[in-house]
Number of protein chains: 4
Amino acid sequence: MQSRTPAARSGRPRSTAADTAILAATRAALVELGWSKLTLQDVATRAGVAKTTLYRRWAGKNELVVDAVAELFDELRLPDLGSLAADIEGVVLQFAAILARPEAKSGLMAVVAESTRDDALRERIRCSIVERQKRLVLEGRARAQTRGELPAEPDPEQAARTADLIFDVVAGAVVHRTLVSAEPADGEWVRSFTRVLLVGLAGAEQDS
Amino acid sequence: MQSRTPAARSGRPRSTAADTAILAATRAALVELGWSKLTLQDVATRAGVAKTTLYRRWAGKNELVVDAVAELFDELRLPDLGSLAADIEGVVLQFAAILARPEAKSGLMAVVAESTRDDALRERIRCSIVERQKRLVLEGRARAQTRGELPAEPDPEQAARTADLIFDVVAGAVVHRTLVSAEPADGEWVRSFTRVLLVGLAGAEQDS
Amino acid sequence: MQSRTPAARSGRPRSTAADTAILAATRAALVELGWSKLTLQDVATRAGVAKTTLYRRWAGKNELVVDAVAELFDELRLPDLGSLAADIEGVVLQFAAILARPEAKSGLMAVVAESTRDDALRERIRCSIVERQKRLVLEGRARAQTRGELPAEPDPEQAARTADLIFDVVAGAVVHRTLVSAEPADGEWVRSFTRVLLVGLAGAEQDS
Amino acid sequence: MQSRTPAARSGRPRSTAADTAILAATRAALVELGWSKLTLQDVATRAGVAKTTLYRRWAGKNELVVDAVAELFDELRLPDLGSLAADIEGVVLQFAAILARPEAKSGLMAVVAESTRDDALRERIRCSIVERQKRLVLEGRARAQTRGELPAEPDPEQAARTADLIFDVVAGAVVHRTLVSAEPADGEWVRSFTRVLLVGLAGAEQDS
DNA sequence: CGCTAATCGAGACGGTACGTCCGGTCTTGCA
DNA sequence: TGCAAGACCGGACGTACCGTCTCGATTAGCG
């Protein structure tokens, strides 16, 4: 993360166990207390670590929570369920399941809110969280093209725009359903949403 | 807002001008400082008001910001541009324009984040902000049905589910585009999005 | 202390009881913990006061301790025991008794040490502590001149120099005996010291 | 200092140059920063030494500063100026000159203050600093007796008491003049003080 | 038209978290 | 084994903000 030089220079090296413990403690604190009542001192105590160790590795609450929440999205996988619709439904359900967890709910929107005034933080969110998700969109399209469900996209720029649009629609809809409407993004909702999305994309494709 | 008793009991009544000044000051502070650095003392000073006056009317930072941001959405209107597609594009553009303003960006996501752990706050957001937007979806559908662009919906429960889905998709996509992807929801994007949405809804309708 | 204007302007006035409680708590903490382990948070807790209240009234540990210790010297009185020698012995014994108390021992030298690098602090010490003591020297000499034990001093500048010398010798000797040599400045020692001082002053007077 | 075994046991022996460098660095830091802002890390850096090396040789800040300041008093010598009065004036002037140096001012009172709650520290101060000074009093008296300026003291216990008194008066007066009154102990002041002291001692002697 | 009661500006108050700094201890690898 | 480097735990620092409180000074409307 912070030092790409594998040749650790001198002095006592940083404890790698501490990183793991700190991020886990951060998620536990998010579950119990939520973002606004989360204290760095409390995280440090839960992790069995001094507050200074925290500040040595992260610039502040925001950066720490981004990394802690980002790990939640590591388990996202593109399932191979035989058809594009089923694959999408599967991945959207996984995404919804993660968002339903309180550590994600509490932390994610808060750091997004902070990122509106902090470009470095937004970049960190993009790298740690967003890109990890967007990759699934690209993989899913490639697999669908292999299967012959989608035609090859001749214009790469147009392809990127479409991928961005899909991503904003999918992520945005699930987030809004979960956090703002506070309704569960369950199987039924995901099926309805996926059908609208796929039909819309197919139709919009041939129109243009 | 808080006292429905029009029969003001006795003593000096509350200054109505103060409310206006406070909400305006809150928005100004949001623009300059953002959510996390906004101080109630600072808002009070900008509004030329004592801090106590603030606490006499709002329970805290969250409630104050909800009301301040809610006023931004008062100007949302469903335009009559002749077709369903044009109407939707128009209203989505308006919504995107509001979200692009820094006072909305800074404040909205923050209170949504807080609302994940505060049911009263979520209810306040729903009443003050969300319902105000969802009404446009219903109005738009009614007008389209009048025009004959959409068939009358026989099942009212199914109609409500569809309206909720539309609302989550529209609001979620615009918010995600604006705040997470940090790209402008401009005319081109809105046209692409609207086409996908309308085609998808139409197609999904027939299938079911 | 800080505002001589009796016309308290506006806002809630400062609690006068707090000052008393804080200074007493400071002395108690000095007794138990000594200067270097004394914590402002601990003082605040003992006084039943918030830490912020402390910082609102004193700039830091040094200033607080100066005021707390200064009150100890309020009880110094010039006794009227009939002769210059007896009066001096009496006041030196009082001074030694105060210095023997742990709250004075711990605090006094520490703030003097700090004052070597902080002119404002030195001035505060001079006003609050030193001048209060030096006044006794002047009173004692005036009384002795009234009694006819000492001749009237014709040169006022020379008189001031002598008073300063007396003060440095008396205070310095008692402090050094108590804190550095760590021996009690008891009656015997005080008698020996006083005799040397008075004989020396009388003799030096004639010589010049 | 702490390891008296001259037969260095095994492994790398301790660098003797380091001690010198550390004590010099401590004095330099005292001059620049004063006691309270002096940092062991800063001393180590100035001395080109690791912090661990420091802690291997001294128990803490207090002990280090005592040793650093003690070296300043090594240069005190009893001059032979022909008469008791001149000798005393000379040694008092030397003492005053050392106390006027900022590294002494800053450090000395601070460790004395600490010593009020730390017996081991007081003992260290007595051995390293006080005894070194008190020896001069004894030497001076012996020389004066050789010269015939002072009678031989028959009672050794009384002699010790008198020496202690002299020492407390001299050291105390100079310290108080320099640190508390913050006035220079210059030639004129020293002459006045010495005259009072000698006359007093002579007079008190014959009285008893 | 003066009483009465709630409001207002001001600012001190008890708390709590912040981010920084330092004291001492420990764990590395090199000499 | 000593040593430089530096990470580690613990704890105090001084600051800032929150939400409450206590002042004296205004204001309405009711009597």
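Just so you know, these numbers use all the heavy atoms, side chains as well, and skip hydrogens, waters and symmetry mates. Not measured: the values here are computed from a predicted model. Chain letters run A, B, ... following the sequence lines, proteins first, then strands; residues in each count from 1.
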Open item on the list: With a 3.5 Å cut-off and heavy atoms only, can you find an N or O donor on one side and an acceptor on the other between the side chain of D:Lys51 and the base of E:dG24?
Closed with: yes
- [ ] Report yes or no: is there a donor-acceptor pair, N or O only, under 3.5 Å between the side chain of B:Arg12 and the base of E:dC8?
- [x]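 Such a pair does not exist between side chain and base.
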Look at the side chain of [X] and decide which nucleotide, out of [options], has an atom nearest to it.
X	options	value
B:Leu40	F:dA4, F:dC18, E:dG9	F:dC18
C:Lys61	E:dA10, E:dT28, F:dC13	F:dC13
A:Ala50	F:dC3, E:dG15, F:dG10	F:dG10

Using OP1 and OP2 only, check whether a side-chain N or O of [X] sits under 4.0 Å from [N].
X	N	result
A:Thr52	F:dC8	no
C:Arg14	E:dG11	no
A:Thr53	F:dC9	yes
D:Arg56	F:dG2	no

TODO: Give B:Leu38 one of three labels, base, sugar-phosphate or nothing, depending on what nucleic acid heavy atoms sit under 4.0 Å from its own.
DONE: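 The answer is sugar-phosphate, as B:Leu38 gets under 4.0 Å only of primed atoms, P, OP1 or OP2.
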- [ ] Describe the nucleic acid contact of B:Gly48 in one word from base, sugar-phosphate, nothing, applying a heavy-atom distance below 4.0 Å.
- [x] sugar-phosphate
Task: Option among C:Val31, C:Val69, C:Leu38, C:Leu30 that satisfies the side-chain contact (heavy atoms from CB on, under 4.5 Å) test with C:Ser106 - done: C:Leu30
Open item on the list: So that I can tick it off, tell me whether D:Glu114 and D:Lys61 are bridged by a salt bridge, with the cut-off set at under 4.0 angstrom between side-chain N and carboxylate O.
Closed with: no
Task: Rounded distance (Å) that lies between atom P of F:dG2 and atom CG of D:Asp19 - done: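 My rounded result for the distance is 14 Å.
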Open item on the list: Whole angstroms only, please: what is the CH2-C1' distance between B:Trp58 and F:dT20?
Closed with: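 So the two atoms are 19 Å apart, to the nearest Å.
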Open item on the list: Let me confirm one number: the CD-OG1 distance from A:Glu103 to A:Thr26, rounded to the nearest 0.5 Å.
Closed with: 11.5 Å
- [ ] Tell me, please, which residues at least two apart from A:Thr20 pass side chain to side chain donor-acceptor pair (under 3.5 Å).
- [x] none
